[in-house]
Amino acid sequence: MAEEEAHGGAMPPDGELPEVLAARRRKLDALRDEGIEPFPHEFRGVEPIAAVRDAHAELEHGEETDVRHRVAGRLAARRGQGKMAFLDLVDRSGRIQLQARVDVLGAEAMERLLHFDLGDLLGVDGTAFRSRRGELTLRVQDFTLLAKSLRPPPEKHHGLQDTETRFRRRELDLIANAEARELFLTRAHVISAVRRFLDREGFVEVETPVLQPLYGGAAARPFTTHHNALSRTLYLRIATELYLKRLIVGGLERVYELGKDFRNEGLSPKHNPEFTVLEFYEAYADYLDIASRCERLVAYVADQVGYQGAHDFTPPWHRETLAGAILDRTGVDILAARERGALAAAMRSRGLAVPAQDTWPQLVDELLSKHVEPTLIEPTFLFDYPVELSPLAKRHRSRPGLVERFEAFIGGMEIANAFTELNDPDEQRRRFEEQRALASAGDEEVQPYDEAFIQALEQGMPPTGGIGIGIDRLVMVMTGMRSIREVVLFPAMRD
RNA sequence: GCCCCCGUAGCUCAACUGGCUCGAGCAACCGCCUUUUAAGCGGUGGGAUGAGGGUUCGAGUCCCUCCGGGGGCACCA
């Protein structure tokens with residue numbers, strides 16, 4: 001029980017606390033004894049630290065001003081004590097040095113200021129000057145404790161390194177590591193740039209059900225939950241596709257949804273069980289129009305977030321066909337081997353591994369993911385997928401057996417999947433039936449038959465192009481991160 | 001699910017082939033110094049080495065099981 005309290009942060013007697021925690025508890029009690037409220041209600045009129053810095057960018061070394069600023073943030077460092085000391089205060093926008101002088105504050109206030117712990121939240125009023133060493137500094141005239149911190153912050157030089165702690169206690173990562181703060185601000189900018197782009201191009205943002213009586217729109221295993229009042233099983237959505245196409249039927253013409261999908265599958269550096277996806281659908285457009293909009297969107301986002309990396313997102317991107325890319329990388333012609341045995345033989349003759357259980361579509365996927373995808377570093381579209389892999393895409397207008405579909409790759413990673421949408425309800429019904437046949441053959445990740453969706457298509461859906469873009473992966477690309485867990489605030493972890 | 005690596009103080013890290021009471025920096029506490037920049041100097045406290053079992057005169061170190069994390073494989077976006 002003592003251990004549980006120490007780790008769980010309840011309020012055990014001091015004797016059972018590690019010394020570093022007990023010391024902070026003692027200070028908390030001392031503050032209250034002095035009549036100081038350690039958790040006041042507000043502190044108005046705060047200026048961002050970055051704004052204070054900007055206001056005095058021109059100050060010479062050693063130059064003083066009488067300009068007063070009010071800032072608030074977390075105490076991050078302290079140098080010196082006694083008659084004069086320097087402290088660092090950090091807010092979301094940056095860090096600023098504070099100078100505490102006993103001749104300004106008086107002995108009692110000086111003592112109180114210097115006895116705050118690293119990690120305490122402070123409000124400060126001070127006058128700006130630039131130190132001899134050139135550091136913009138606020139000379140503290142007045143200060144207020146805004147919240148007492150009862151746990152020590154991570155080490156101030158090395159930051160928080162432990163991967164597990166960074167993910168489980170992201171607040172500590174954000175406190176300790178400025179790069180983490182910047183990364184998640186970039187993520188926010190990516191998302192707002194996506195919305196701005198689509199809003200400007202006439203798309204309307206919609207929200208469709210996350211809890212669905214029937215899941216669909218992708219090949220994946222769903223999470224299952226239960227609605228008590230309705231007494232029935234509901235699924236967390238694996239895609240927004242089918243509902244969004246019903247809105248195209250409804251005449252909304254250009255729609256997008258930006259939100260979470262959920263897939264009950266393994267974790268990896270590229271897969272989190274809940275992940276953020278953008279899907280947009282455009283009436284009277286085909287997949288070539290969508291490809292063009294996709295590359296313009298990504299280029300716009302890169303520009304808006306100030307992308308500094310090595311990729312060149314300027315349209316037009318590299319373009320290949322899927323079959324051409326596989327032929328080029330492996331020498332296997334999937335279009336000349338349209339059934340499993342022939343394809344397996346072609347792969348073996350090239351010395352490629354052939355997983356025994358794989359169906360023809362799965363072998364194609366194997367060739368793509370193992371031999372082509374890793375080579376697609378610069379932004380690249382692969383066009384024209386086999387119909388077997390794409391039950392929701394419209395057949396190719398000139399190439400039998402293929403559909404009008406593309407996927408986009410950056411940095412060896414798939415970031416988007418798009419097609420000219422299948423709008424012939426009878427053909428869509430047949431495609432679902434084929435999927436159903438696969439399901440009875442044991443494949444758990446096929447698309448269930450969705451009668452409501454078929455009825456919507458029967459109502460008449462205009463020719464439409466649509467796309468899904470993995471936002472977490474797009475953020476990975478924009479920030480150079482190699483793991484999705486670095487760009488998701490609270491990635492999935494075991495209990 | 002399988003394979004490999006990792007888990008030492010609040011944080012960042014040490015500890016030769018098994019060998020004295022597991023050390024140091026930051027943080028904390030008590031002082032000294034004062035325009036510092038990872039401030040400096042002196043002193044003090046803080047650890048069931050992830051958990052449990054085993055081998056051994058002796059285990060942070062070797063073996064087994066479990067928990068957690070990372071990487072890879074498989075599956076997928």
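Model, not experiment: these values are computed from the prediction. Values reported hereafter were calculated over all heavy atoms of this structure, with side chains retained and with hydrogens, waters and symmetry mates removed. To find a chain, count down the sequence lines: A is the first, B the second, and so on, and within it residues start at 1.
Note: CE (A/Met493) to P (B/G68) measures 11 Å, nearest angstrom. Atom-to-atom, CD1 of A/Ile175 to P of B/C26 comes out at 21 Å; the value is rounded to the nearest Å. Between the CG atom of A/Leu114 and the P atom of B/C33 there is a distance of 15 Å, given to the nearest Å. Nucleotide B/A77 holds its C1' atom 12 Å from the CD1 atom of A/Ile467, rounded to whole Å.
Side-chain atoms of A/Phe86 lie closest to B/U35 of the nucleotides B/A27, B/U12, B/U35. Proximity note for A/Lys370 (side chain, C-beta onward) versus B/A74, B/U36, B/A77: the nearest is B/A74. Which of B/G71, B/U12, B/A27 sits closest to the side chain of A/Ser483 comes down to B/G71. Side-chain proximity of A/His157 to the nucleotides B/A77, B/U35, B/A38 is greatest for B/A38. Each of B/G71, B/A27, B/C11 was ranked by its minimum atom distance to the side chain of A/Pro269; first place goes to B/G71.
Among the heavy atoms of the strands lying under 4.0 Å from A/Gly80 is at least one base atom, whether or not backbone atoms are also near. Using a 4.0 Å heavy-atom criterion, one finds that A/Gln97 contacts the bases of the nucleic acid, with or without backbone contacts as well. Contact annotation for A/Met413: no contact, since no heavy-atom pair falls under 4.0 Å across all strands. Across all strands shown, A/Lys156 has heavy atoms under 4.0 Å from sugar-phosphate atoms exclusively, and none from any base. Heavy atoms of A/Pro153 sit nowhere under 4.0 angstrom from any nucleic acid atom.
Between B/A39 and B/C3, the distance separating the two P atoms is 47 Å to the nearest Å. B/G60 and B/G23 are spaced 12 Å apart, taking the C1' atom of each and rounding to whole Å. Comparing B/G53 with B/A59, their C1' atoms are spaced 14 Å from each other, to the whole Å. As rounded to the nearest Å, B/A9 and B/A28 have C1' atoms that lie 12 Å from one another. Between the P atoms of B/U44 and B/C26, the separation comes to 15 Å (whole Å). Rounded to a whole angstrom, the distance from the P atom of B/U49 to that of B/U21 is 14 Å. For the C1' atom pair drawn from B/U61 and B/G19, the interatomic distance equals 11 Å after rounding to whole Å. For the P atoms, the distance linking B/G40 with B/G7 amounts to 29 Å, nearest Å.
Judged by the 6.0 Å and 45° rule, A/Arg405 forms a cation-pi pair with A/Tyr385. Geometrically, A/Arg139 engages A/Phe129 in a cation-pi contact defined by less than 6.0 Å to the ring centre and at most 45° from the axis.
Partners of A/His56 by ring-ring contact (aromatic ring centres under 6.0 Å, His included), not counting sequence neighbours, listed by chain and number: A/His69. Taking the side chain to side chain contact (heavy atoms under 4.5 Å, CB included) definition, one finds that A/Arg32 meets it with A/Leu28, A/Pro38, A/Phe39, sequence neighbours left out. Under the side chain to side chain contact (heavy atoms under 4.5 Å, CB included) criterion, A/Ala188 pairs with no residue, sequence neighbours left out. Checked against side chain to side chain donor-acceptor pair (under 3.5 Å), A/Asp91 has the following partners two or more places apart in sequence or in another chain: A/Ser93. Every residue two or more places apart in sequence or in another chain was checked for a side chain to side chain donor-acceptor pair (under 3.5 Å) with A/Ser483, and none qualifies. The side chain to side chain donor-acceptor pair (under 3.5 Å) test applied to A/Arg68 returns no partner, not counting sequence neighbours. Scanning for side chain to side chain donor-acceptor pair (under 3.5 Å) contacts around A/Thr420 gives A/Glu404, with sequence neighbours left out.
In this model, the phosphate group of B/U37 is approached by a side-chain N or O of A/Arg133 to a distance below 4.0 Å at OP1 or OP2. Put simply, A/Arg79 has no side-chain N or O that comes within less than 4.0 Å of OP1 or OP2 on B/U36.
For A/Glu205 and A/Arg195, the salt-bridge test passes: some basic side-chain N is under 4.0 Å from an acidic carboxylate O. Between A/Glu257 and A/Arg237, at least one side-chain N (NZ, or NE/NH1/NH2) sits under 4.0 Å from a carboxylate O, which counts as a salt bridge. In summary, A/Arg53 and A/Glu135 engage in a salt bridge, as defined by a charged side-chain N under 4.0 Å from a carboxylate O. In summary, A/Arg319 and A/Glu295 engage in a salt bridge, as defined by a charged side-chain N under 4.0 Å from a carboxylate O. With respect to A/Glu265 and A/Arg221, no salt bridge is recorded, no charged nitrogen being found less than 4.0 Å from a carboxylate O. In summary, A/Asp472 and A/Lys270 do not engage in a salt bridge, as defined by a charged side-chain N under 4.0 Å from a carboxylate O.
Ring geometry for A/Tyr307 versus A/His311: interplanar angle under 30°, hence parallel rather than tilted (30 to 60°). Under the 30°/60° scheme for interplanar angles, the aromatic rings of A/Phe381 and A/Trp317 are found to lie parallel.
Between A/Glu155 and A/Gln99, it is A/Glu155 whose nearest contact on RNA chain B lies nearer the 5' terminus.
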Between the protein and nucleotides 29-31 of chain B, are there any N/O to N/O pairs under 3.5 Å, and if so, what are the atom names and distances?
| residue | atom | partner | partner atom | Å |
| --- | --- | --- | --- | --- |
| B/C29 | OP1 | A/Lys27 | NZ | 2.2 |

Report, one pair per line, the protein and nucleotides 5-8 of chain B atoms (nitrogen or oxygen only) whose separation is under 3.5 Å.
none

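At a non-hydrogen distance threshold of 4.0 Å, A/Gln161, A/Asp162, A/Thr163, A/Glu164, A/Phe167, A/Arg168 from residues 161-169 of chain A come into contact with RNA chain B. Across residues 56-64 of chain A, not one residue has a non-hydrogen atom less than 4.0 Å from an atom of RNA chain B.
With hydrogens and angles disregarded, a donor-acceptor distance shorter than 3.5 Å links the side chain of A/Asn272 to the backbone of A/Ala492.
In the model, A/Tyr281 has a side-chain atom that pairs as donor or acceptor with a side-chain atom of A/Glu279 under 3.5 Å.
Between the side chain of A/Thr137 and the base of B/U35, no donor-acceptor pair of N or O atoms lies under 3.5 Å. A/Arg95 contributes no side-chain N or O that forms a donor-acceptor pair with the base of B/U37 under 3.5 Å.
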- request: Kindly express the pairing pattern of RNA chain B in dot-bracket notation, using | wherever a base pairs with another strand and counting only Watson-Crick or G-U pairs under 3.5 Å.
  value: (((((((..((((.....[...)))).(((((.......))))).....(((((..]....))))))))))))....
